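What follows is a set of notes on a single structure, which appears directly below.
Throughout, protein chains are lettered first and strands after them, A, B, ... in sequence-line order, and every chain is numbered starting at 1. Quantities reported herein were computed from a predicted structural model and do not represent experimental measurements.
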Amino acid sequence: PARRELAARYDPAAIEPGVYERWLASGAFTPAPEPPPGAERFVIIQPPPNVTGALHLGHALTATVEDILVRYHRMRGDDTLWLPGVDHASIGAQFVLDKLIAAKGESRESLGRERYLERMWRFMDETRSVIGNQHRRLGASLDWTRERFTMDEGSARAVRVAFKRLWDAGLAYRGQALVNWCPRCRTTISDLENVHREETGTLWTVRYHLARSDGTPDPDAWISVATTRPETILGDTAVAVHPDDDRYRDLVGREAILPFLGRRLPIIADPAVERDFGTGAVKITPAHDFDDYDVAKRHALPMITVLDEEARMNAEAGEFAGLDRFEARDAVVDRLRAMGDLEAERPHQLVVGHCDKCDTVVEPRLSVQWFIDVKPLAARALASVREGRTRIIPAHFEKVYAHWMENIHDWAVGRQLWWGHRIPAWYCPDGHITVSDVEAGPAACAECGRPADQLTQETDIFDTWFSSGLWPFSTLGWPDETPDLQRFYPTSVMETAYEILFFWVARMMMLGLFCTDVEPFHTVYLHGIVRDPYGQKMSKTKGNVVDPLEMIGEIGADALRFALVFGNAPGVDQRLTPARLAGGRNFSNKLWNAARFVLGARPEELEESTGQPSLPERWIRSRLAEATARATRQLDALDLAGYVAGVYEFAWSDYCDWFVEMAKVDLRRPDATPGERARVWRTAADSLAGMLRLLQPVMPFITEQVWATLHEVEPDATRGEPLLVVADWPAEGARDEAVEREMADLVELVRSLRNLRTEASVPAGAWLALTVAPSDETARQALTRAANYLEPLARVRPIELEGDGDPTERGRLMTAVRLGTAWIGEGAEDSGAEVARRDSALREVRAGIERLRGLLDNAGFVERAPAEVVARERARLAELEAQLRRLEGG
RNA sequence: GGGCGAUUGGCUCAGCUGGUUAGAGCGCACGGUUCACAUCCGUGAGGUCACUGGUUCGAAUCCAGUAUCGCCCACCA
């Protein structure tokens, strides 16, 4: 039984279920086994959301933008792939799981590595499907048959092979260094995960007594150092001053005595010391400060670690051993004060690093770590963007990218965590390192040949972003030359938040170029942050998070998608306000009702079309052609906001406000033949179908549902294609400039008449007689053709063209437009208000004329401006002059 | 300390390579119960495009500087 009508009310809850299943059943999201001949490629590898969480609006924005592009290219007939996946988020996942198991009184330690990882895999299985379902609710047209996970075997192999190649190329190394350490997560973190924040601390000035010749402290002689971290005094191995500092020149080469421990500290000179800061003398704690570490290396100073991995003072700290670092700070200060060696203390603004994941204060920690020397990789990645092989949208992020690439440091890739890819390095008892890309490990030590059973594997795992950096090709089968890799790599667009430009995009560029010798994508499209209505970042702690699913439940996925991209420029943060969401909902409703009108207006018996297309028919076809050309251009240029605004404008203004209203006239005219009605209705249905095609990328659910109904009612309109998602993107039809001009003139007259009525407070329902003096013969003909439409649109009846009627019967309200001079209203007498209105209209036109004459009298303009600009201004002037004559004539 | 960006009607924002009278959504005012839609229709008010100078026939748009705000990066204890 054919559905002839759509439900009276648009209800997303009623239409959205089922649509996605229809798409899946059609196989539309999975590329055909063979690419269509001659097809262009369009590939997006989805930025993998973390398994740990539910989707937020940022993900919804990502999915919407990518889905729009993918659906567009699919309709274009391109060889299109959008590949989904999730990221294992090692540190984030452990953070979440630790909390979960803590609720049951368990911990990492109580479970042990193996059982902990078992729990993790179970946790993954539970949450992974949640993300998939959310993407389905959003309408994301992902190829689920290719869904990947950064911890699956393909990814694991890619990680091993990539790392082995880096090792073989001498770009991976293991060595001692000071790294950022999170004492709560108990792992190294990268520079990027160490977020700096300004805080108010204290700057203490502490006296270090000078050593006498017998090595005992001189009670009357000291050097004062300034520090914000007194607890690290216990790890000091020197005191440094600036070489040119006269105050301390004599002290260089002598020794100071470390409080509490009595260690002798050489007083050294190093240019890194700022003379103007504090006392100009600084304590050197190589194992707990990055600056000091560098100084120590220059001067070959010992490095003493005084904190353990949880940031408690260790045995090196003497009497303070066992104290937490902050307790120890207080204790040290108290003791110094008691000893009379605390010279001063004052509040001090300082910048403190915090763990991105848990916000704990990061501790520099001396340890042996795996690093990647990224400088050579960065140089290539930078060149790719500089030379335009990969471009970033918006373009100004290319500068940000360049700045980061130019100042890059080696990447500490090792993590002392369990959930992740274990670094494929094996150690032999002699200290040799063997890196292998074989899952089972090497058969023997690469250097001394010791058998595998004498080798032990590294326990550290990789930074999550290492596997993420391989994502564009590890998902396609790399390192094997799989058919997918050959067919879909390099990919097309990488769409993601600008927040992870460095974390992820930069790493993909570097590793992509290193592993595959080609840029992994030609375009990086960065979107901004979705903020709350007050501009605040959404966060669970603030409680201002909007759940996309809840939003979809309320207003529908289409409305949410529309709201997310409408008026949103790339790289710019947007506030998601209720008004914005309501805009999406309203537009959904508008589309639904436009479709209801068309479906409900179908004549019972649809006969053969007869007669010539009417003005609105010819006009809407031309407008659709224009809208199609514009949408195509904008989507090709990744101007999504422009695309959405354009189709919105077409649907609401052109189609609903003008075409539908005028088509009603043709459909309801009593003297219309069934064949003429059929013709008009077919135009309405055809152009509705065209509009649905244009809207499908952004509002897939409504358009699909309307399409289905339209298809049942009139398969000709859908050209026999029952499923919009696989329908063709519309071909660019022909514009009809003459018809568009004629229509524009009619619209101008209608608007002008409506304005007159409102300003003169004519009751909205009143019918007024209209008299028009056409400006010329063409206008007369146009007016004759348009009379039928003019009546209901401007609520005027009867309509008389000057010459046919008595001039004394003209109305008292007058307006002059391109088509001519028009009068409406009772009687011919001018009221004061009407005279004032007409005067103001005259003033406006005269001012315009004056401005244009001034412009055209300017020799510089006429000579130097492009001819078409000058011609345009001339035409405008002529038009205004004609309008003035008409106004004065009336 | 370095870098990047923003400043457009009451609010939130578009304005591509300089070219009509600077747009949209929301809000506001006024008027609308006819058979697609009040999640709607019609009409309207509202902006010296932060400021100063420059380039140009012409600047919201390009250049320089100033102010305010925001973000990113950074090893002054």
* Does the ring of Y789(A) carry K664(A) above it, NZ/CZ under 6.0 angstrom from centre and within 45° of its axis? -> no
* Under 4.0 Å between any heavy atoms, over every strand shown, what does A645(A) touch: base, sugar-phosphate, or nothing? Just pick one. => nothing
* Can you tell me the pairing partner of rC57(B) across any strand shown, Watson-Crick or G-U wobble, with both distances under 3.5 angstrom? => rG19(B)
* Contact class for R757(A) vs. all strands (heavy atom < 4.0 Å): base, sugar-phosphate, or nothing? -> nothing
* Please work out if T577(A) contacts a base, only the sugar-phosphate, or nothing of the nucleic acid, heavy-atom cut-off 4.0 Å. => nothing
* Asked: Which part of the nucleic acid, if any, lies within contact of V862(A), taking any heavy atom under 4.0 Å across all strands shown: a base, the sugar-phosphate backbone alone, or nothing?
  -> nothing
* Charged N to carboxylate O under 4.0 angstrom, E850(A) versus R843(A)? -> no
* Asked: Taking CD1 from I500(A) and C1' from rC71(B), how many angstroms apart are they, rounded to a whole number?
  -> 17 Å
* Structure fact -> In this structure, CH2 of W404(A) is separated from NE2 of H409(A) (nearest 0.5 Å) by 10.0 Å
* Would you please confirm or rule out a distance under 4.0 Å between OP1 or OP2 of rU20(B) and any side-chain N or O of R876(A)? => no
* Euclidean distance, atom CD of residue Q634(A) to atom C1' of rA24(B) [Å, nearest integer] -> 14 Å
* Side-chain donor/acceptor of E661(A) to base of rA36(B), under 3.5 Å -> yes
* Asked: Does K664(A) have a side-chain nitrogen or oxygen under 4.0 Å from the phosphate oxygens OP1 or OP2 of rU34(B)?
  -> no
* Are any of H196(A)'s side-chain N or O atoms less than 4.0 Å away from OP1 or OP2 of rC73(B)? -> no
* Go through the N and O atoms of the side chain of R580(A) and the base of rU12(B), and report whether any donor-acceptor pair is under 3.5 Å. => no
Could you go over nucleotides 38-45 of chain B and give all protein N or O partners under 3.5 Å, atom names and distances?
from, atom 1, to, atom 2, distance (Å)
rU39(B), O4', R585(A), NH2, 3.4
rU39(B), O4', N586(A), OD1, 3.3
rU39(B), O2', N589(A), ND2, 2.4
rU39(B), O4, R9(A), NH2, 2.6
rC40(B), OP1, N586(A), ND2, 3.2
rC40(B), O3', K590(A), NZ, 3.2
rC41(B), OP1, K590(A), NZ, 2.9
rC41(B), OP1, W652(A), NE1, 2.5
rG42(B), O3', R754(A), NH1, 3.4
rG44(B), OP1, N755(A), ND2, 2.8

* Quick one: label A865(A) by what it contacts on the DNA or RNA (base, sugar-phosphate, nothing), any heavy atom closer than 4.0 Å. => base
* Structure fact -> Pairing partner of rC28(B), by Watson-Crick or G-U wobble and under 3.5 Å for both distances, is rG44(B)
